[in-house]
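All of these numbers come straight from a predicted model, not from anything done at the bench. Whatever order the structure lists them in is the order used to number ligands and atoms, beginning at 1.
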Amino acid sequence: MSAPSATALDRIPGWFWPADQRLFGWFLSADAPGDLLELGTYLGKSAVLIGDHLRPGETFTVCDLFESEAPDAANEAETTGSYSTLTRQRFEQNYLSVHDSLPEIVHGPTSVIQNHVKADSCRFVHVDASHLYAHVKEDVLAARTVLRGDGIVAFDDYRSEHTPGVALAVWEAVAGLGLSPICVSSHKLYATWGDPVPVQRRLLAWLAATPELWHTTDVLGERELVRVNRRKKPPAPAGELGELGRLSAELKRTAADLKKTAAESRTTVQALKTATKEISLVGPVVHRAVRWTRRRLTRR
Ligand SMILES: C[S@@+](CC[C@H](N)C(=O)[O-])C[C@H]1O[C@@H](n2cnc3c(N)ncnc32)[C@H](O)[C@@H]1O
């Protein structure tokens with residue numbers, strides 16, 4: 001990733017996480033030529049990075065409703081709820097803060113994308129627009145048409161609890177439309193209608209040399225699936241903690257001690273309460289016994 005985009009990505013709002021930024025960088029650096037397409041661009045967080053990898057002679061197209069009305073009520077509810085501050089102008093400002101010129105912009109629903117992008121022309125498609133099954137199903141078919149044989153498609157939100165329609169459309173394509181998954185991150189599934197095996201081999205070699213990404217290989221029926229995530233930073237060894245780190249550790253220990261003492265005090269108070277109650281119950285019994293014994297003794 002080039003330096004300007006790396007800084008810009010931090011200040012552009014969106015949903016494009018570090019592991020996926022690295023994976024996009026890797027997939028987009030592959031030698032194969034072809035155009036680039038993003039369905040659902042929002043304020044440009046992922047588009048800005050995709051634009052870094054545009055080569056001479058290639059076209060990058062983005063498609064979004066921006067502030068326009070959605071094609072149906074469910075889509076309208078989704079967009080007004082989640083993207084209320086989105087405007088095309090804000091997208092263009094963000095994009096031009098990093099790149100010299102804008103991509104081709106299709107301002108409208110993704111259902112029209114095949115009127116703008118040629119069949120068999122793309123090396124990379126990012127599907128990140130509507131989350132509704134009927135739309136994603138259409139986006140899957142459009143991606144299959146516009147991708148070249150060995151092109152890569154990345155699907156966002158393929159497994160989130162709030163996007164079951166994306167999951168259904170994506171796995172349906174895997175089960176019935178010849179889509180082969182290459183790898184998954186927490187948020188995206190990367191796949192191809194070409195042969196996934198050589199891509200996975202190259203990906204695994206790159207991952208082995210990329211310590212900030214954790215990965216493993218799972219079995220997915222007859223095939224393999226690479227799982228990738230960002231490696232959590234190991235805790236700094238004690239010797240490397242600065243003064244602040246030491247103070248913070250000390251405070252944590254003191255807080256834990258105080259909590260323990262409070263819990264012990266609560267137990268003691270409870271025990272005293274129980275004992276007092278028992279004494280107050282036993283007291284009258286003892287009194288009566290003493291009075292009875294005294295009466296018996298004086299009668300004799
Ligand atoms: C999750 S956001 C995209 C996030 C962006 N790729 C990023 O990484 O920051 C989804 C976008 O899809 C757009 N969208 C939703 N439904 C759409 C549709 N039917 N056609 C075109 N765009 C749509 C929304 O306007 C929104 O900007």
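- With contacts defined as side-chain heavy-atom distances shorter than 4.5 Å, the pair Tyr158/Thr163 does not qualify.
- Proximity of Tyr42 to ligand 1, defined as any heavy-atom pair under 4.0 Å, is shared by backbone and side chain alike.
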Kindly determine whether His131 and Asp157 satisfy side chain to side chain donor-acceptor pair (under 3.5 Å), including the steps that lead there. CA-CA 8 Å; His131 294 132; Asp157 272 332; 3.1 Å; yes

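- Counting heavy-atom neighbours within 6.0 Å of Glu69 CD, excluding the residue itself, gives a total of 12 or less.
- Every atom of ligand 1 is numbered from 1 in the order shown, and the set under 4.0 Å from a heavy atom of Phe16 is 8 (O).
- In this structure, the protein non-hydrogen atom closest to atom 22 (N) of ligand 1 is Leu65 N, 3.3 Å.
- Taking every heavy atom of Leu86 and a limit of under 4.0 angstrom, the matching atoms of ligand 1 come to 25 (O), 27 (O).
- When hydrogens are left out, the protein atom nearest atom 7 (C) of ligand 1 is Ser46 OG, 3.4 Å; that is the closest non-hydrogen contact.
- Annotation: side chain of Leu37 is not in contact with side chain of Leu147 (no heavy-atom distance under 4.5 Å).
- For ligand 1, the atoms lying closer than 4.0 Å to a non-hydrogen atom of Thr41 are 5 (C).
- Closest to atom 4 (C) of ligand 1, if we only count protein heavy atoms, is Asp128 OD2, 3.3 Å.
- Annotation: Asn75 places an N or O atom under 3.5 Å from an N or O atom of ligand 1; distance criterion only.
- For atom 11 (C) of ligand 1, the closest non-hydrogen atom of the protein is Asp64 OD2, 3.5 Å.
- Sorted by first and then second residue, the side-chain hydrogen bond (donor to acceptor under 3.5 Å, both in side chains) pairs with a member in residues 109-119 read Thr110-Asp139; sequence neighbours excluded.
- Heavy atoms of Gly108 come nearer than 4.0 angstrom to ligand 1 in at least one pair.
- The distance from ligand 1 to the heavy atoms of Pro109 drops below 4.0 Å at these ligand atoms: 20 (N), 21 (C).
- The residue from Leu204, Thr216, Asp218 that alone fulfils the side chain to side chain contact (heavy atoms under 4.5 Å, CB included) condition with Val226 is Leu204.
- Nearest protein heavy-atom neighbour of atom 20 (N) of ligand 1: Thr110 N, 3.0 Å.
- Ionic pairing of Lys188 and Asp156 is present here: one or more N-O contacts between side-chain nitrogen and carboxylate oxygen are shorter than 4.0 angstrom.
- Atom 12 (O) of ligand 1 has its closest protein heavy atom at Ala129 CA, 3.3 Å.
- At distances below 3.5 Å, not a single donor-acceptor pair connects side-chain atoms of Arg144 with backbone N or O atoms of Trp193.
- Using a 4.0 Å cut-off to heavy atoms of Lys45, the atoms of ligand 1 that qualify are 9 (O).
- Among the atoms of Pro13, none of the N or O lies under 3.5 angstrom from an N or O of ligand 1.
- In terms of polar-atom proximity, His126 is not counted as a contact of ligand 1, lacking any N or O under 3.5 Å from an N or O of the ligand.
- Residues Phe155 and Tyr190 form no side-chain contact, since every pair of their non-hydrogen atoms from C-beta on lies 4.5 Å or further apart.
- Note on Arg88 versus Glu67: no salt bridge recorded, every NZ/NE/NH1/NH2 to OD/OE distance being 4.0 Å or above.
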